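Comments concern the structure below.
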Protein chains: 2
Amino acid sequence: MVKDTNTERIIFNAARKVFQKKGLDGARMQEIADEAGMNKALLHYYFRSKEKLFQGIFNESIGKISLGIQNVFNDNMGVIEKLQALVNIYVDTLSENRYLPLFVLNEMNQHPEKFEEILSKTIVVHLKGFLIQVEKEVQSGKIKPVNPLHLLMNVLGMVIFPFAAYPVVSIIINKNMDSSVEQFYLERKKEIFEFIVIALDPKK
Amino acid sequence: MVKDTNTERIIFNAARKVFQKKGLDGARMQEIADEAGMNKALLHYYFRSKEKLFQGIFNESIGKISLGIQNVFNDNMGVIEKLQALVNIYVDTLSENRYLPLFVLNEMNQHPEKFEEILSKTIVVHLKGFLIQVEKEVQSGKIKPVNPLHLLMNVLGMVIFPFAAYPVVSIIINKNMDSSVEQFYLERKKEIFEFIVIALDPKK
DNA sequence: GTCTATAAGTAGATAGAC
DNA sequence: GTCTATCTACTTATAGAC
């Protein structure tokens, strides 16, 4: 998706805001136009259709999500360091865009066939390397025996879920705690990391 | 939402299926009618409007979700036992209805104002009791010092996220593993419980 | 490139026959 | 209670003026 002109960028930014919040079905071209401060017809002039505009936004979102995983799985680090990097990247990314997880998860569930290809080529390949690495570190005694896929799901769940459940988190913290919501999300970097370290400690 | 007649029940079941899969905006009354094997006009005869029908389904879903939390927080058990019960209930419930988490999370994000009241009265109250209980067990040395809210988010994330990410889990397991998806979800009861036990072990 | 006006199609809802 | 036919409103998309 090329974003040459200024107008095109303005539309794209407005579309991101509306689509990520309301979803494909809930979003209205009129609302995107209002958000962009221009006429509805212009959206079609630059992007032809609602579907095409949505695809642009969605591809960008998928890119942001898989960036976190891919970078981490490519680097030359140990299992624990990789997971820590993954946690840090996601907390930072999702703190700036809390709608991202639900937006992507929804579309994945709505059109799973689109992901067969993407997932098979990228994540599954990197995952294979990660699975092997876990086995090696288990055998060398660096970490204790674990099922790598369960481990990964545990970490992804701990990181991503609280952002998807933002309204609950927000209400609970405002009623019960003296800290801010933003601070709570930042704290999770340390919290989850400690959880990981303890869970993988071979001495336990 | 009363479901007296047989027809009413059939419609309600069809609506649950369509709404939970497509969401309020994505669902079509025609599709619900087709799923129910009857005419579109009948849906309005029994439920007046799409919005009212949706509310019925949604209240039921919220009930199922909060049942897991409330039962657990009411019972007279220790922290670890409560969390284990919570995990078991959720894995069983969500195994039968994998769309439930995303469905509820979406509506919560779309209309957070509706939850201010519900959450404030139910979950937040029970949570208070849970927070206090955690503090007590920490002081008595039964579990190691932890932030109770982070602990709860960790557990909820580990349990709920893999169901929301079903398409990913499904593809990964079918490509990499020799076990079935259903078995993977059942395994999580034990996996998460062990994670909890280790993380709360005061001797570490 | 940007706007106004409008076409074309769709979805929720209702009227009225049976 | 259940159906067919239809109304009304809304939404995407385009035509055409500027």
Side-chain angles (χ1 to χ4, degrees), chain A residues 1-61 99 102-103 106-107 109-111 114, chain B residues 1-61 99 102-103 106-107 109-111 114:
Chain A
M1 190 62 41
V2 191
K3 293 184 294 297
D4 285 325
T5 70
N6 191 33
T7 305
E8 200 169 345
R9 234 190 331 270
I10 293 173
I11 294 175
F12 201 73
N13 290 336
R16 185 189 303 110
K17 199 166 173 180
V18 176
F19 276 134
Q20 288 189 346
K21 198 166 179 177
K22 304 275 182 85
L24 172 59
D25 297 318
R28 294 289 165 261
M29 293 296 267
Q30 184 59 57
E31 191 179 351
I32 296 175
D34 292 345
E35 178 72 37
M38 61 187 67
N39 194 276
K40 201 172 52 133
L42 269 184
L43 312 195
H44 289 95
Y45 176 79
Y46 281 100
F47 294 92
R48 280 193 67 88
S49 70
K50 182 185 181 182
E51 187 66 37
K52 286 219 169 35
L53 181 51
F54 178 81
Q55 271 304 324
I57 299 297
F58 185 71
N59 290 340
E60 184 199 57
S61 298
Y99 291 105
L102 272 186
F103 179 66
N106 275 325
E107 188 63 12
N109 274 277
Q110 220 74 181
H111 305 286
K114 289 186 188 169
Chain B
M1 190 63 37
V2 191
K3 293 183 295 293
D4 284 325
T5 70
N6 191 32
T7 305
E8 200 169 345
R9 233 189 334 266
I10 293 173
I11 294 175
F12 201 73
N13 289 337
R16 184 189 303 109
K17 199 166 173 179
V18 176
F19 275 134
Q20 289 190 347
K21 198 166 178 178
K22 304 275 181 85
L24 172 59
D25 297 318
R28 295 288 166 260
M29 293 297 268
Q30 184 60 57
E31 191 179 351
I32 297 175
D34 292 345
E35 178 72 36
M38 62 186 65
N39 194 277
K40 200 171 55 133
L42 269 185
L43 312 195
H44 288 95
Y45 176 79
Y46 281 99
F47 294 91
R48 280 194 67 89
S49 71
K50 183 185 181 183
E51 187 66 37
K52 286 221 170 34
L53 180 51
F54 178 82
Q55 272 304 324
I57 300 297
F58 186 72
N59 289 340
E60 184 199 56
S61 298
Y99 291 106
L102 272 186
F103 179 67
N106 275 326
E107 189 62 13
N109 274 276
Q110 220 75 183
H111 305 287
K114 288 186 186 169

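Residue numbers start from 1 in every chain, and the chains themselves are labelled A, B, ... in the order their sequence lines are given, proteins ahead of strands. As the structure is a computational prediction, the values presented were derived from the model and not from experiment.
Comparing Asp25(A) and Ala41(B) by the nucleotide of DNA chain D whose heavy atom lies nearest to each, the residue mapping closer to the 5' end is Ala41(B). For Thr7(A) and Asn39(B), each mapped to the nucleotide of DNA chain C holding its nearest heavy atom, the one lying further toward the 5' end belongs to Thr7(A). Mapped onto DNA chain D by nearest heavy atom, Lys40(A) and Leu42(B) fall at different nucleotides, with Leu42(B) at the one closer to the 5' end.
Remark: of the listed residues Lys17(B), Lys22(B), Arg28(B), Lys17(B) is the sole one forming a salt bridge (charged side-chain N to carboxylate O under 4.0 Å, His left out) with Glu35(B).
Along DNA chain C, the stretch of nucleotides lying under 4.0 Å from any heavy atom of chain A spans, 5' to 3', dG1(C) to dT4(C).
At a threshold of 4.5 Å between non-hydrogen side-chain atoms, the residues Leu43(B) and Lys50(B) do not count as touching. Taking 4.5 Å as the limit, some side-chain heavy atom of Phe103(B) sits within range of a side-chain heavy atom of Ile57(B).
Annotation: salt bridge (charged side-chain N to carboxylate O under 4.0 Å, His left out) contacts of Lys114(B) (sequence neighbours excluded): Glu107(B).
Distance CD (Gln30(A)) to P (dT14(D)): 16 Å, rounded to an integer number of Å. Rounded to a whole Å, the CD atom of Glu31(A) is 15 Å from the P atom of dC10(D). The NZ atom of Lys50(B) sits 15 Å away from the P atom of dC10(D) (whole-angstrom rounding). Between the P atom of dT12(D) and the OH atom of Tyr46(A) lies a distance of 20 Å, rounded to the nearest Å. Phe54(A) has its CZ atom 14 Å from the P atom of dA13(D), to the nearest Å.
Side-chain atoms of Gln20(A) do not come within 3.5 Å of backbone N or O of Phe58(A) as any donor-acceptor pair.
Relative ring orientation between Phe19(B) and Phe54(B) is described as perpendicular, the plane-to-plane angle rising above 60° on a 0-90° scale split at 30° and 60°.
Looking at heavy-atom distances under 4.0 Å, Ala27(B) makes contact with sugar-phosphate atoms alone, never a base.
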